2 protein chains.
Amino acid sequence: MMWRDHSGRTLADYDRPSVAVDVALLTVVDDGLAVLLHERTGEHETGRWALPGTFLHVDETLAEAALRALRDKAGVTGHRPDQLGVLDRVDRDSRGRVLSVAHVDLVPAETLLTGGDGLRLAPVTELADASLPFDHDEIVARAVRWARDLHRLDPDPRGLLGAEFTLLELQRLHEAVAGTEFQKDTFRRIMIGGLDETGALSRGGVGKPARLFRRA
Amino acid sequence: MMWRDHSGRTLADYDRPSVAVDVALLTVVDDGLAVLLHERTGEHETGRWALPGTFLHVDETLAEAALRALRDKAGVTGHRPDQLGVLDRVDRDSRGRVLSVAHVDLVPAETLLTGGDGLRLAPVTELADASLPFDHDEIVARAVRWARDLHRLDPDPRGLLGAEFTLLELQRLHEAVAGTEFQKDTFRRIMIGGLDETGALSRGGVGKPARLFRRA
DNA sequence: AAAATAGTGTCTGTGAGACACTATGTT
DNA sequence: AACATAGTGTCTCACAGACACTATTTT
């Protein structure tokens with residue numbers, strides 16, 4: 001049974017491809033990267049978890065469509081989606097010719113008040129190959145690479161930590177994104193150039209209080 | 001006067017954007033990078049030089065459309081177009097909502113037998129800002145960055161030289177792409193890991209004959 | 001005092017960059 | 001012999017990575 005839109009036409013009735021937007025919304029939970037999935041509710045696709053996505057409207061930019069997909073499909077506020085590229089396999093969508101412009105965003109876990117209904121945060125290390133429909137596995141892989149590249153030399157580039165933080169807190173974030181552990185002295189030397197000292201010290205913990213920094 | 005397609009409809013009659021493909025076809029001439037431009041022949045656009053482009057058909061991939069644009073608009077055979085990204089400003093095309101998926105390719109100058117008719121190779125250093133229509137300046141800028149990144153660590157990644165070449169020939173190519181000059185000893189050390197010696201020597205030149213290499 | 005965390009002096013290895021020398025061809 | 005190009009030994013500098021020591025707090 002062929003997919004039909006609101007006017008009863010199949011996509012093949014049009015002489016041009018459709019353009020969709022899919023978003024890998026990443027966050028950091030439990031010392032690792034996780035991606036937001038939502039449960040598809042269609043005839044033959046109940047129970048399938050996928051990335052939030054939508055079709056691009058004529059009067060909006062790709063970034064606006066990405067933010068709309070997050071809002072409508074996941075009730076979530078994205079921040080600043082970045083474009084990852086176009087997935088264009090001719091047979092990637094059984095409903096017809098649909099290009100997907102993949103996007104990625106990285107937000108603090110607190111902004112994801114996922115009540116649970118049809119939403120799920122999947123640790124990226126636990127996503128088996130071919131566990132997602134379409135080419136969403138590929139999108140997640142690119143998103144993770146994007147996040148790791150972004151965090152290699154720059155302290156907290158997406159501002160996941162608060163305004164002020166200690167070097168240990170910063171290191172924990174970067175280790176979660178990278179999926180590996182760092183040495184504190186090397187990490188300090190890489191990041192210190194992009195940080196300003198606030199002059200204040202962390203309070204309340206055990207051990208020597210750490211200086212607080214903010215992003216330069 | 002609104003642009004109309006073959007069936008007399010404007011793009012606004014459709015409820016989805018069109019998808020175009022534009023290609024920055026780069027080559028190396030006169031010690032520098034140049035990009036292939038073709039002269040647009042439309043009502044209000046004669047005399048405008050632009051990148052070759054076309055609309056994506058439903059039954060082809062983006063790479064296929066890019067190669068078709070080069071063939072139809074420039075009579076040129078591309079090799080392996082790479083995707084640079086999607087340009088999606090809502091007002092980027094006055095005819096309606098058109099997304100452009102920018103592509104880049106790099107080919108030997110010999111494959112560009114540009115008879116001259118409506119075709120031109122523009123050195124990228126001589127392209128002033130806003131000299132190209134749409135956002136083609138931006139596409140060329142991204143294409144140049146792509147070529148330079150590609151050549152930073154890899155010897156002749158697109159095989160512009162023949163099967164065998166000397167280190168000096170390789171260096172001249174990489175200097176043309178980068179737009180700067182290198183020291184031969186540093187250049188040698190960067191490239192030597194990706195090269196195999198053929199055992200033969202260059203002949204016919206003045207000075208000590210150089211060893212011939214091929215890409216590993 | 002013991003434990004925990006913060007911060008740093010210093011050593012090592014690697015590699016880019018450059019100078020300057022040697023090597024081998026042509027004119 | 002003079003010149004031109006090829007190829008390389010070696011020095012310097014910067015920096016990543018790591019060890020191990022000192023510093024400052026809580027318990």
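Values reported hereafter were calculated over all heavy atoms of this structure, with side chains retained and with hydrogens, waters and symmetry mates removed. It should be emphasised that the depicted structure is a prediction, and the values quoted were computed from it without experimental measurement. Naming: A, B, ... by sequence-line order, numbering from 1 per chain.
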**Request:** Could you check B/Gly207 against A/Ile190 and say which one's nearest nucleotide on DNA chain D is further toward the 5' end?
**Result:** B/Gly207
**Parallel, tilted or perpendicular: ring planes of B/His174 versus B/His151, cut at 30 and 60 degrees** = perpendicular
**Asked** Regarding A/Thr198 and A/Arg214, is there a side-chain donor-to-acceptor distance under 3.5 Å anywhere?
**Response** no
**Asked** Can you tell me if A/Thr54 and A/Arg68 form a side-chain donor-acceptor pair at under 3.5 Å?
**Response** yes
**Item:** 5′-ward residue of the pair A/Gly205/B/Ala210 relative to DNA chain D
**Value:** B/Ala210
**Asked** With a cut-off of 6.0 Å (strictly less than), are more than 12 heavy atoms of other residues, nucleotides or ligands near CD of B/Glu181?
**Response** no
**Request:** Return the nearest nucleotide to the side chain of A/Leu168; candidates are D/dA18, C/dA6, C/dG17.
**Result:** C/dA6
**Message:** Taking 4.0 Å as the cut-off, does a side-chain nitrogen or oxygen of B/Arg188 come that near to OP1 or OP2 on D/dG7?
**Reply:** yes
**Message:** Which nucleotide wins on minimum distance to the side chain of A/Arg189, given the candidates C/dT10, D/dT10, D/dT24?
**Reply:** C/dT10
**Fill in**
note: A/Ile192, atom CD1; D/dA16, atom P; distance rounded to Å ~ 13 Å
**Request:** Starting from the 5' end of DNA chain C, give me the residue, A/Lys184 or B/Asp185, whose nearest nucleotide shows up first.
**Result:** A/Lys184
**Asked** Which nucleotide, C/dA4, C/dT24, C/dA6, lies nearest any side-chain atom of B/Lys208?
**Response** C/dT24
**Request:** Answer with base, sugar-phosphate or nothing: what part of the nucleic acid does A/Arg211 contact at a heavy-atom distance below 4.0 Å?
**Result:** sugar-phosphate
**Fill in**
note: B/Leu153, atom CG; C/dG17, atom C1'; distance rounded to Å ~ 15 Å
**Request:** Write down the distance between CZ (B/Arg203) and P (C/dT24), rounded to a whole number of angstrom.
**Result:** 15 Å
**Message:** Rounded to whole Å, how long is the line connecting atom CE of A/Met191 with atom P of D/dC15?
**Reply:** 16 Å
**Request:** Would you kindly give the CZ-to-C1' distance between B/Phe182 and C/dG17, to the nearest whole Å?
**Result:** 13 Å
**Prompt:** For the pair made of CZ in B/Phe187 and P in D/dT8, what is the distance, rounded to whole Å?
**Reply:** 15 Å
**Message:** Using whole Å, what does the distance between atom C1' of nucleotide C/dG7 and atom CD of A/Gln183 come to?
**Reply:** 14 Å
**Asked** Is it true that A/Arg158 and A/Asp105 make a salt bridge, defined as a side-chain N closer than 4.0 Å to a carboxylate O?
**Response** yes
**Prompt:** Just how far, in rounded Å, is C1' of D/dA6 from CG of B/Leu170?
**Reply:** 15 Å
